[in-house]
Amino acid sequence: MSRIFALLILMLSVGPALAEGSRLERVIATGEVRVCIWPDYYGISYRNPKTQQLSGIDVDMAEALARDLGVRLQFVDSSFARLIDDINDNRCDIAMFAIGITAARVDKLRFTRPHLISDIYAITSKSNRRIKSWDDIDKPGVVVAVAKGTLHEPIMREKLRQATLLVTATTQGREQEVESGRADVFMTDFPFSRRMLETTDWARLVAPTSTFHPTPYAYAMQQGDDRWYARIERFMSDAKRNGTLLAAIRRHKLDPIAVSD
Amino acid sequence: MRPESASSATAPLWVGLGRRSTFALVALLVSFAALAATGYTLWRLRAEALDRQAEMAAMTVRAFEDHLTQSLNVISRTLATLDDDELDSGKLKQALRHTPYLRSISLLDAASTIIASSEPRNVGLRIPSQTYMPPLSGPAEVLRSGMLVDGRDFYDGQPVSASLTPTLSFIPVSLDIALNNQRWMHTVASINADYFLNFYSNHLPLPGSVVQLLRYDGSLLLDSMEKSSPASLLSNSEIARRISQSESGRFEEKLEDERVALTTYRSSRLYPFILVLRQDKEEILASWRQESIQTLAIVFSTLVTLLGLATLYFLRFQRMARAHEESQERLRIAAIAFDAQEGMVVTGPNAEVLQVNPAFTQITGFSPQDAVGRQLDFLKSDRHDAAFYQRLDQCVRENGTWTGELFCRHKDGSTRPLLATITAVRDHADAVSHYVGTLIDISERKAAEEELLTLSRALEQNPASIIITDPSGSIQYVNPRFETVTGYSLHEVIGQNPRLLSSGETSAADYKAMWTTISSGATWQGEFRNRRKDGTLFWEHASISPVFNDEGTLLHYVGIKEDISARKEAEQKLHLAASVFTHAREGILITSADGTIIDANDAFGRITGYQREEVLGQNPRILNSGRQEKSYYTEMWQSLHDVGYWYGEVWNRHKNGELYAVMQTISTIRDAQGNPSQYVALFSDITPLKEHERQLERIAHYDALTLLPNRVLLADRLHQAMAHAQRQNKTLAVAYLDLDGFKGVNDRHGHKAGDQLLVALSTRMRQALRDGDTLARLGGDEFVAVLLDLNDASGSVPMLSRLLAAAAQPVQVGDLVLQVSASIGVTFYPQSEDVDADQLLRQSDQAMYQAKVAGKNRYHVFDAELDRSVRGHHENQKRLRRALLDNEFVLHYQPKVNMRTGTLIGAEALIRWQHPEKGLLLPDVFLPTIEEHPLAIDLGEWVIDTALSQMQSWQAAGLDIPVSVNVGARQLQQPDFVERLTTLLAAHPDVPAHKLELEVLETSALEDLARASQVIEACREIGVKFALDDFGTGYSSLTYLKRLPVTRLKIDQSFVRGMLDDPDDLAILDGVIGLATAFRRNVIAEGVEAVEHGEMLLQLGCECAQGYGIARPMPVSEFPAWVASWRPPAAWQYCSSVSREDLQLLFVSVEHRAWVKAMHNFLRGDQRDPPTQNPHECRFGAWLEGDGFSRHGNHPAFPVIQRLHEEIHEQGAVLLQLYQHGKKQEAVQRLNEVDSRQAMLLQALKQLIDQASAAPQAATHLLA
């Protein structure tokens, strides 16, 4: 009796996928996997404006995934602001650009098991005399910039008590606000903060004095398609096991935020 | 002194000084130049560094100015492109995209109020742009700058206060833009001041540099130094002053903190701003300074190294220069030397003569013309062989030089001795370039040397000691003979006065005479007694004379001395010999080879009775006593002839006819050919010694008081008699005789009277016997008679009766008439059983005891049959039980004494059975039959009870006598033994328990050791002590002894009896006594039968004893009398224990006895092998030659002992020969010869022991 019930549950659960056909079959059938990336994400999925070449851990991982699936790889530009729509509107099969697992996103998307975890960091200008340390941020008169759609927006909105939050439409916007002095700091994560330090001469990193709000990063896909999800998870576990993931992490100097199993 | 030599002496000094100062000057100059060059270079480098930095600063300021101007350009263009019609906040924001350093752009109306702005909050604010620079009177397209504003934008802008550093600030700028329609648009923008600061901070050329942005009027807008507040808005008057003259420039200024800054400024080429760069001069020069230090360090170290190297080089140079000067000097000296008195010749390496000097010609006769160009061989003479010249060559080759005497040929053909030195001169390649030879003619010196050598040899080898002093007498020379004779070496006596030889035996007057003689210039001759270095004295004959030089001055004294000690000694020896001859105690007789007396000394006269004059010319035969046989003399002459001497004892006859014994040594004196020339006889009178020997023999074998044979001789006689009886098939009787009532005589009349009585009775009793019979005194009042040749037992009766009668006859002693009687015990030999002499004595003793018991003054014949039957027949217990009931048992008491002090220490209770038919029976007859029977226990208790009663009654009589009682094993093992004993003690309350001693057999104690020790312990608690009986027979180990808490050990009598002739028994005794001492137990010896036993025990350190030699067990009735009368033998009083070292004496005496006993045993057939016959191999002999000799060799008795020992061995050897030739009987009979010698030897040995035991009175007593 119990066996029959279990079978029933199983049939029910795989039912819709079978009915619609898994994304996996489609990917195999079309011979192409579409991967959403945010091309400004330094170290993750960054398109060098001078060469237009993509690089980053998730670019490497996307290529590895395509190889694993035996299909062509198609990158689709996206951003955190557009992420949910791009996935759910089926503009890509999977989003691979270190997507922070937030409550809002979990509601709409299905995440792989996280492979990176980053806290929030602030960037200010070197000559800013107001912000000396993390504790100077949430003070009256301080303007904190965040980019719309990033995980930082809701977090900072929730966390800031005294400082003013400034939400910019673009990520470049938040940098301009700080550089011009309209805002004192902008909030970002570890990979992006590294880009700022490496590519500008005015940026200064303000790290949280203690753990502030670590966010696990993973890949996101549509909800429901268990076979696709299982296939992606298998790829991930293989990558973890055979060192592909670790090699990619090391190549892009992300060891400090790697999730240690 | 020649002038040039003076200058040459000072020149090197000057040259050296000159060189040194020149070098120092040069070094100083070089150092100065190097330092100057370095200083100049550094100075140049400093200027260059400053220039370079100035240029760099100018470039930096120019770059900053460019950046500023370009940025403002972009702002101005951005503002210029604005179109006021369509402007709203969004559009203005768009415009900000390309100017990241702009916070906001705003449009103003004519009233300077913001009407539109990228920052909505700015709208409506009024901007007071009149204060902006440059000032304008009307609208113009000129970018103008306001003062720095504190705040993010106009909306929150505040003028910068002088006291507060703004954290957020901006620079407001305005621009009027002419629009197409002749209208003007007014714009303002807020510039992010940080933007420029970031840029400047990132591009500052040196740390510590400061960049300032000034408005053209000199107001400070930005400062890269966070601390210096831009809010101060200091008007930099200096900059302002300078800018009016030049748009850019640089100058040095002193800052407020006293630092010197290099200030570079430049104004924007388009806009009203000035950039100022201030660099700390110290910072600018920091790298230069570091570089300078490094450079200086390198230059300095290089300079030092160079100077060091130069100094080294200079020193080397100076050395070389000096060497050169020296070699020049040497050359000059060599040139002078070449004209010296020594002949010189220089040759090439092949010995070809190159040069000779005049002296060479003079010495050798060869002129330079003769010599130069020739091989030097022309000087070779035939005085040296080729090998000599080869050696010479080799020496020169190897050592570079040769010096020696060389005989060279003179031109005139003669050969002359030269002292030559040949030196090889080597060139740089170390090859010989020349040989230089120097020659000195030493012909005269040689001759003088020869002469001196001869004189010196004469001195050195002179057989006389030669001593040379200076006029003051201090020694300048002594010859080897002197050293040999005196023992002083030359260097020891040099400078000393010859007085150091003085022995002090030469008188001052003699010395004075000597000095007087030699001071007057004469020679003194005389003899000295001098002392050698080793202290010995010697005689010297000396001849001392002064030595003068030609002027007659005294130079030396020469002493020639001869060691005449030997001569002196010989004289003294002769003198001594004469004196010895005259005064010797030994007689000395000298005969010629034919035996004619040629001299005799005084002692000869004394011993022989003949005066010297009487015997001169006589033959020594006149002394013959006739006691020696002819063969005796033949042997003597043979020995004299063969070995050159003879010694031995000779009986001679005195002039008065008496015989005397001499020990005589005759030596042959041979002439040079070895033929006898004289005979010397030395002899001493040994008659007293012979007498002494006889006396010793008497002491050893005869009782000193009665002159009857003693125990020793008795034993011997008895042995012989037994052998005789066996042979002749006859019977012999042994009668043991004890005087009755003798002690009473002693007590009443004293020992003297007692002794006289003994002497008288002895004589009578002796007379009562036949000639062949023996009467011996054992000691005290005990005698033994051995009656020989009886046909049967009854044959003895007449003699026994006569003995009784003789003993009972009254004796007149002084005024007293004394009368005693005798009890005699008799036994016979042979018996049906085999018995020995000891048994016979014991049987007769036992029988005597019966006679005493039977009423005295009688004889009792030992009943061998009865004895056997009593022994053999097992009396049943019934009979014994009845005996106990019938009171047939009695206790006899045997005293225990301290032999040394003579005090009674107790008595042992011994059970006897007064058998109604068989008489008194000893316990060994009846006790064994009930040993395992309960009756034994009853009997044991009876004994204890009776003894206690006896003690009680003695106590009542005033006698305090501790009593010991034997306890059997069975009795001891009774479970209630202690209770019963307690009961018995309780029955005799007057007797203290500690007066009772229980004797337990060692063997029975060991049967159940645990029980025994338990009982002993329990008894000890109630006060009763225990003694271990028959100690030594039970294999006691230390463990047992430790566990048995007995207070006394009783040494078994077997050891005591055997100790005199058995070293093992003696050793056991010694051990037991030692053991008892170690365990703090008392010790008592049983079985003391003779005085010797007591002596030995005392010497071993055991003072307590019991035994027949002290007293037999006696009935109670006799005990008090014995106590009152007994005195220990005198010998015991003087005996004390000998030290462990002298214990050896006791052992050797026993060893000797053992040897004699072994002889006895062997000859009698009781032993398979005879003892060793070699007097050096027997233990006694070994002792005599070893330890004995070294310890006692000086004792007068020692030579006697040696002689007696040898004689005993000789006699032993004779007896053995007899034995081997079948004359066994004769050998046994002649054993008494050995015995008598042995007795003598033991007597003599005793003298040693007595001396050792530190009892001087005893020693004198025995020697007497």
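Just so it is clear: chains get the letters A, B, ... in the order the sequence lines come, proteins before strands, and each one is counted from 1. No experiment lies behind these values; they were computed from the predicted model shown.
Classification of the B:H67-B:F199 ring pair by plane angle, with boundaries at 30° and 60°, yields parallel.
Within the structure, the disulfide (SG to SG under 2.5 Å) test picks out no pair touching residues 117-202 of chain A (sequence neighbours left out).
The CG atom of B:L214 sits 5.5 Å away from atom CD1 of B:I274, with the distance rounded to the nearest 0.5 Å.
Between the A:R105 side chain and the A:G100 main chain, a donor and an acceptor come within less than 3.5 Å of each other.
For residues 186-213 of chain A, heavy-atom neighbours of chain B at less than 4.5 Å comprise A:D201, A:W202, sorted by residue number.
Looking at B:I191, there are no atoms closer than 4.5 Å to chain A (heavy atoms on both sides), in backbone or side chain. At a 4.5 Å heavy-atom cutoff, the contact between B:L102 and chain A is made by backbone atoms alone.
Partners of B:E119 by side-chain hydrogen bond (donor to acceptor under 3.5 Å, both in side chains), not counting sequence neighbours, listed by chain and number: B:R121. Taking the ring-ring contact (aromatic ring centres under 6.0 Å, His included) definition, one finds that A:F111 meets it with nothing, sequence neighbours left out.
We find that B:D153 and B:R103 are not joined by a salt bridge, their nearest charged nitrogen and carboxylate oxygen being 4.0 Å or further apart.
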